[in-house]
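Okay, so here's the structure we're looking at.
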Amino acid sequence: MGGGQKRGRTQRRHFKQNRDNVWKHNPKKTHTDGPTTDDPNRSWETFANQNPGFEEYYKEQGIVPEDEWEEFLSLLRKPLPAAFRINASSQFFPDILSQLGNDFMKSLEAEVNDEHEIEAIRPLPWYPGNLAWHLNFSRMQLRKNQALERFHEFLKQENEVGNITRQEAVSMVPPLFLDVLPNHCILDMCAAPGSKTFQLLEIIHQSTKPGLLPNGLIIANDVDVQRCNLLIHQTKRMCSANLIVTNHEAQHFPSCALTMDHMETFKGGQEELKANILQFDRVLCDVPCSGDGTLRKAPDIWRKWNAGMGNGIHRLQVEIAMRGIALLKVGGRMVYSTCSMNPVEDEAVVAEILRRSGGSVELVDVSSELPELIRRPGLKTWKVKDKGLWLTSYKDVPIHRRSVISPSMFPSNQSCRGSPVSCDGAQEEVEVLGTNTGKENITNLRMRDQDYKSKEHETHCGDSRNNKVQTDTGETAKKLEEVSSNKSPAAEELDGDSKVEFSTFPLERCMRILPHDQNSGAFFISVLQKLSHLHGNSASDTKQSNNIRNKVSAAVGENHKDELKAEIKPSEDLHHQTVAEAASSAKLIGDQSKENSNTNNMCSKVRDSKEVVACGEGETGQVGKKNVKGKLQIQGKWRGVDPVVLFTDETTINSIRSFYGINECFALDGHLVTRNNDANHMKRIYYVSKSVHDILQLNFSVGQRLKITSLGLKIFERQKPKDDSSPCLFRLSSEGLPLLLPYISKQILYASFVDFQHLLQYRTVKFADFVDASFGEKASNLMSGCCVVVLNEDCALVAGNQITDNIVADASTIAIVCWKGKTNVSILVSPLDAKELLERLAVRFGSERGTLLEENETNSEIDTIKNSEDAESTDDFEMADQEGL
């Protein structure tokens with residue numbers, strides 16, 4: 001058999017069985033010699049909760065005063081208390097807040113078992129509006145403690161439907177410092193698993209009225225496809241039309257000169273081509289890290305941790321952060337955060353951002369914001385540990401280790417200058433070389449360094465998916481030694497008597513949250529504001545390093561140099577004088593896309609173009625290769641990802657609008673999107689906000705540089721009734737109902753409290769079995785197909801009273817999607833959602849109606865409903881992707 005053969009199934013099974021698993025009983029440790037006095041219950045191995053290397057490292061770094069060290073270490077070894085946040089944009093959030101304060105706080109008083117806590121559950125004092133809650137129980141205690149069973153079920157159920165989000169307390173902090181407004185365009189660079197993205201969605205939707213959408217949007221990105229799926233699952237509970245989920249490497253997130261031919265007539269009657277650049281008002285840069293701040297939640301890190309973890313990911317963190325700064329608008333705010341306590345991943349990265357930005361970025365002092373949040377100031381000095389050796393300055397790094405340990409890891413403000421790994425551009429090189437070299441030598445040095453970078457970045461720039469180690473020690477050492485010999489005066493001072501370097505940047509404005517301050521995990525947060533465009537050389541240097549890394553050829557010649565300049569010229573940090581150049585470069589796209597003006601197939605614009613002139617950094621992956629060959633393929637553009645197609649079938653749209661009586665003021669044209677080019681096999685239609693629609697249009701114009709995995713709000717789903725009784729091919733989706741409800745005038749019913757509960761309980765009710773006879777009559781008169789049943793909260797409890805149908809939908813309106821059949825009404829709501837809604841009704845309307853519900857459960861009329869054999873089933877039609885059914 002050849003060496004390239006895959007392992008057989010048996011081999012894989014045996015391999016898995018031989019792997020150590022700390023969660024399971026270790027079969028290797030068996031008792032063979034007679035009886036033993038060991039604990040008979042010792043069948044599970046506990047995690048080791050100590051690591052001498054960890055203790056030595058952080059004692060040396062001095063992140064905790066010596067007199068607090070024992071308390072700090074003791075709390076790190078205890079399980080992390082659970083926490084959750086109430087969704088403020090949910091219609092039931094006042095009810096949940098009341099239930100927590102009046103019910104669970106009192107019923108769980110006896111369960112306090114921690115010297116750090118007085119109350120079983122309490123609101124976090126620093127989170128606005130008492131929306132975030134801290135529990136005195138770990139996740140394991142919630143699952144195992146019988147006394148907490150009711151509360152645990154409450155948390156699981158409300159989290160599943162989106163009324164709350166279970167999230168670590170310190171993880172909620174970074175979005176709060178972004179200072180988000182509803183009209184902001186926000187980028188979450190490393191978004192999975194999605195709890196912070198969900199928090200940002202809550203903020204922009206919090207003050208939005210029913211039937212309206214905020215003007216802003218959020219692009220949530222993650223590098224891993226599987227984690228993107230987790231991100232989609234998390235955020236879909238929010239039911240937002242203002243979200244786009246993308247799948248890119250964060251450090252190579254595409255920047256596009258998004259162009260559209262807007263034909264605007266001015267006084268002179270001339271037409272103008274507008275050039276727009278995709279930039280963001282807010283950027284959340286919660287980067288990958290060693291994660292030692294989550295030790296209480298993930299104790300397995302104790303045995304895995306070593307100092308090299310932070311060193312190895314430092315470069316990737318710098319690249320991601322600089323990409324975020326480049327994508328940020330002038331005046332915008334970026335939050336850089338990690339769940340690590342390591343200054344190499346924290347302060348060192350922030351200092352490198354400030355160095356490279358050259359005064360274009362400011363570290364914001366946010367000490368007055370969230371005053372009740374206990375935090376520690378950032379460090380001004382730290383050390384780097386490599387292979388057991390403590391290093392205080394880059395000059396102490398052995399030559400053979402300088403390809404791993406970069407100057408940016410050290411506090412000195414001069415340490416990165418002249419480095420082939422992270423120099424700031426031509427201006428910095430001039431300062432380093434002084435008057436000893438001319439422009440010609442500077443250019444030669446830069447080209448030589450670029451040649452080195454193309455190899456260095458291949459090995460060390462943090463592509464976590466390709467852990468290939470390339471060694472070129474001779475050439476690397478030679479170049480590093482050559483460049484490191486050029487030192488600035490400040491660096492020479494540090495090379496003298498002083499052995500400890502201090503940063504002159506105001507790093508004390510950063511914040512570090514430690515576990516023993518407020519019984520939480522650990523987190524590092526810094527807030528950066530962009531004051532002006534990045535210097536051209538600095539931005540170009542960052543662009544070149546990214547572009548070089550993605551080139552197949554390693555040669556750096558004059559032709560290659562010209563090609564790089566052409567790619568990076570219209571960057572996202574263009575000055576005002578370069579916008580015209582971006583427009584003229586992108587005009588090729590507009591001219592070619594004019595030929596295909598039919599928006600039903602916007603993607604075909606790219607197909608007809610011989611070459612796509614993309615502004616910003618070069619495409620990554622397959623796309624760059626396809627640009628070289630010529631035409632871009634639509635289906636093959638992003639393999640494994642469904643295409644994004646604007647839905648413009650007027651016949652279908654008009655039939656939907658007519659069937660449900662959707663008001664003309666609710667815009668459907670230009671807001672509907674599908675993920676299938678074939679209209680006959682299209683199952684779902686998504687609704688997107690105007691801001692998302694504009695991004696899509698502009699993305700089409702540059703050849704779909706954004707790899708979109710999910711977007712918008714599912715609003716309509718295709719249905720296939722067996723008897724073709726419904727004139728409309730699409731039913732309403734439960735996710736889109738709150739947005740659409742204020743605009744619907746047909747296929748809508750108003751039910752009494754009792755009948756509404758019966759529908760939720762028994763799922764299918766015949767017309768004659770409704771308590772309110774007039775409701776059953778109105779239901780029978782509706783056209784067959786999808787309908788909406790709205791709870792009339794003001795109707796009397798006594799059956800037979802007339803119900804008025806003049807309800808105006810607002811934030812408190814409760815409605816469900818149903819199906820009107822020949823003889824009955826069936827709900828199109830998942831069992832979990834129906835159960836949760838019943839409990840919400842019981843909490844909102846009190847015991848009087850709850851007693852009525854119990855009486856009705858024994859009523860013979862309801863028994864007839866339950867036992868009816870001829871009730872028409874909801875299986876008479878096929879529903880596409882019904883939630884939970």
Side-chain angles (χ1 to χ4, degrees), residues 85 87-91 93 162 165 175-176 178-189 191-192 194-222 228 231-247 253 258 276 278-284 327-329 332-333 644 646-647 666-675 684-700 706-716 733-743 811:
R85 186 184 63 259
N87 182 0
S89 61
S90 167
Q91 67 176 148
F93 95 88
T165 298
L176 296 179
L178 272 178
D179 190 25
V180 170
L181 297 177
N183 63 329
H184 280 163
C185 183
I186 306 165
L187 173 64
D188 190 350
M189 301 189 74
S195 55
K196 295 183 184 68
T197 306
F198 195 96
Q199 187 177 356
L200 293 171
L201 286 170
E202 291 175 18
I203 296 172
I204 68 171
H205 282 277
Q206 186 170 354
S207 59
T208 305
K209 297 180 180 179
L212 300 177
L213 293 173
N215 294 325
L217 83 154
I218 296 173
I219 296 182
N221 176 75
D222 201 85
C228 276
L231 170 61
I232 294 167
H233 175 76
Q234 178 85 296
T235 54
K236 76 176 183 179
R237 302 175 301 128
M238 187 64 200
C239 303
S240 174
N242 298 66
L243 174 69
I244 300 176
V245 178
T246 60
N247 176 214
F253 190 87
L258 304 175
N276 297 298
L278 178 59
Q279 288 186 305
F280 300 89
D281 300 286
R282 298 290 186 267
V283 173
L284 178 58
L327 293 166
L328 189 64
K329 291 180 181 178
R333 177 179 282 199
V644 177
L646 293 176
F647 185 73
F666 184 79
L668 291 178
D669 297 334
H671 291 267
L672 301 181
V673 173
T674 67
R675 303 305 299 269
R684 305 167 193 88
I685 300 177
Y686 300 87
Y687 192 89
V688 297
S689 66
K690 184 181 183 302
S691 55
V692 172
H693 173 263
D694 291 343
I695 294 293
L696 290 179
Q697 289 273 30
L698 301 173
N699 187 43
F700 290 147
L706 293 178
K707 183 180 179 182
I708 298 175
T709 59
S710 177
L711 80 166
L713 169 66
K714 184 169 62 176
I715 192 168
F716 301 117
S733 171
S734 295
E735 291 98 321
L737 181 60
L739 176 65
L740 198 57
L741 182 60
Y743 305 96

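Hydrogens, waters and symmetry mates play no part in the numbers below; they use all other heavy atoms, side chains included.
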So, taking the atom named [atom1] in [X] and the one named [atom2] in [Y], what distance separates them when rounded to the nearest 0.5 Å?
{"X": "C228", "Y": "N221", "atom1": "SG", "atom2": "CG", "answer": "6.5 Å"}
{"X": "N699", "Y": "L278", "atom1": "CG", "atom2": "CG", "answer": "8.5 Å"}
{"X": "R333", "Y": "L328", "atom1": "CZ", "atom2": "CG", "answer": "10.5 Å"}
{"X": "L327", "Y": "F280", "atom1": "CG", "atom2": "CZ", "answer": "6.0 Å"}
{"X": "D179", "Y": "L176", "atom1": "CG", "atom2": "CG", "answer": "10.0 Å"}
{"X": "L739", "Y": "S733", "atom1": "CG", "atom2": "OG", "answer": "11.0 Å"}

List for me each residue that meets salt bridge (Lys or Arg N to Asp or Glu O under 4.0 Å) alongside K707, sequence neighbours excluded, and say none if there are none.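 K707 satisfies salt bridge (Lys or Arg N to Asp or Glu O under 4.0 Å) with no residue once adjacent residues are dropped.
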Is the shortest side-chain heavy-atom distance between [X] and [Y] below 4.5 Å?
{"X": "N242", "Y": "S691", "answer": "yes"}
{"X": "R684", "Y": "R675", "answer": "no"}
{"X": "T197", "Y": "V245", "answer": "no"}
{"X": "T165", "Y": "Q199", "answer": "no"}
{"X": "D694", "Y": "L217", "answer": "no"}
{"X": "L181", "Y": "R282", "answer": "no"}
{"X": "L706", "Y": "I695", "answer": "yes"}
{"X": "L284", "Y": "K196", "answer": "yes"}

Report yes or no: do T709 and N247 form a side-chain donor-acceptor pair below 3.5 Å?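 The answer is no; no qualifying pair exists.
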Looking only at heavy atoms, what is the nearest atom pair of [X] and [Y], with distance?
{"X": "D281", "Y": "N183", "answer": "OD2-O, 4.3 Å"}
{"X": "A667", "Y": "Y687", "answer": "O-OH, 2.7 Å"}
{"X": "L200", "Y": "P175", "answer": "CD2-CB, 3.8 Å"}
{"X": "L243", "Y": "A220", "answer": "CD1-CB, 4.1 Å"}
{"X": "Y686", "Y": "L711", "answer": "CD2-O, 3.9 Å"}
{"X": "S207", "Y": "P182", "answer": "OG-CG, 3.9 Å"}

Any residue meeting ring-ring contact (aromatic ring centres under 6.0 Å, His included) with H205, in chain and number order, not counting sequence neighbours: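 Expected list: none.
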Check for a donor-acceptor pair, side chain of S710 on one end and backbone N or O of I232 on the other, with a separation under 3.5 Å.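 No; judged by distance alone, with no hydrogens or angles, the pair does not exist.
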Using only atom types and a distance under 3.5 Å, with no angle test, would you say the side chain of H693 pairs donor to acceptor with the backbone of G670?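 Answer holds: yes.
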Given D188 and I186, is the side-chain contact (heavy atoms from CB on, under 4.5 Å) satisfied, shown in steps? CA-CA 7 Å; D188 190 350; I186 306 165; 5.7 Å; no
How about NZ on K329, more than 12 heavy atoms from neighbouring residues, nucleotides or ligands closer than 6.0 Å, or not?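 Result for NZ/K329: enclosed.
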As a test of understanding, state which of V180, L213, N215 forms a side-chain contact (heavy atoms from CB on, under 4.5 Å) with I204.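 Testing I204 for a side-chain contact (heavy atoms from CB on, under 4.5 Å) against V180, L213, N215 leaves exactly one candidate, V180.
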Name the orientation class of the two ring planes belonging to Y743 and F666 (parallel below 30°, tilted from 30 to 60°, perpendicular beyond 60°).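 Rings of Y743 and F666: tilted, 30 to 60°.
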Assess the residue pair I218 and T235 against the criterion (side-chain contact (heavy atoms from CB on, under 4.5 Å)); give the C-alpha distance rounded to whole Å, side-chain angles, the decisive distance to 0.1 Å, and a yes or no. CA-CA 11 Å; I218 296 173; T235 54; over 6 Å; no
Check whether NZ of the Lys or CZ of the Arg R237 lies under 6.0 Å from the centre of the six-membered ring of F198 and within 45 degrees of that ring's axis.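 The answer is yes, since R237 meets both limits relative to F198.
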The test is side-chain contact (heavy atoms from CB on, under 4.5 Å); show your working for M238 and S89 and say whether it passes. CA-CA 9 Å; M238 187 64 200; S89 61; 2.7 Å; yes
Residues L178, I203; criterion side-chain contact (heavy atoms from CB on, under 4.5 Å); working and verdict: CA-CA 11 Å; L178 272 178; I203 296 172; over 6 Å; no
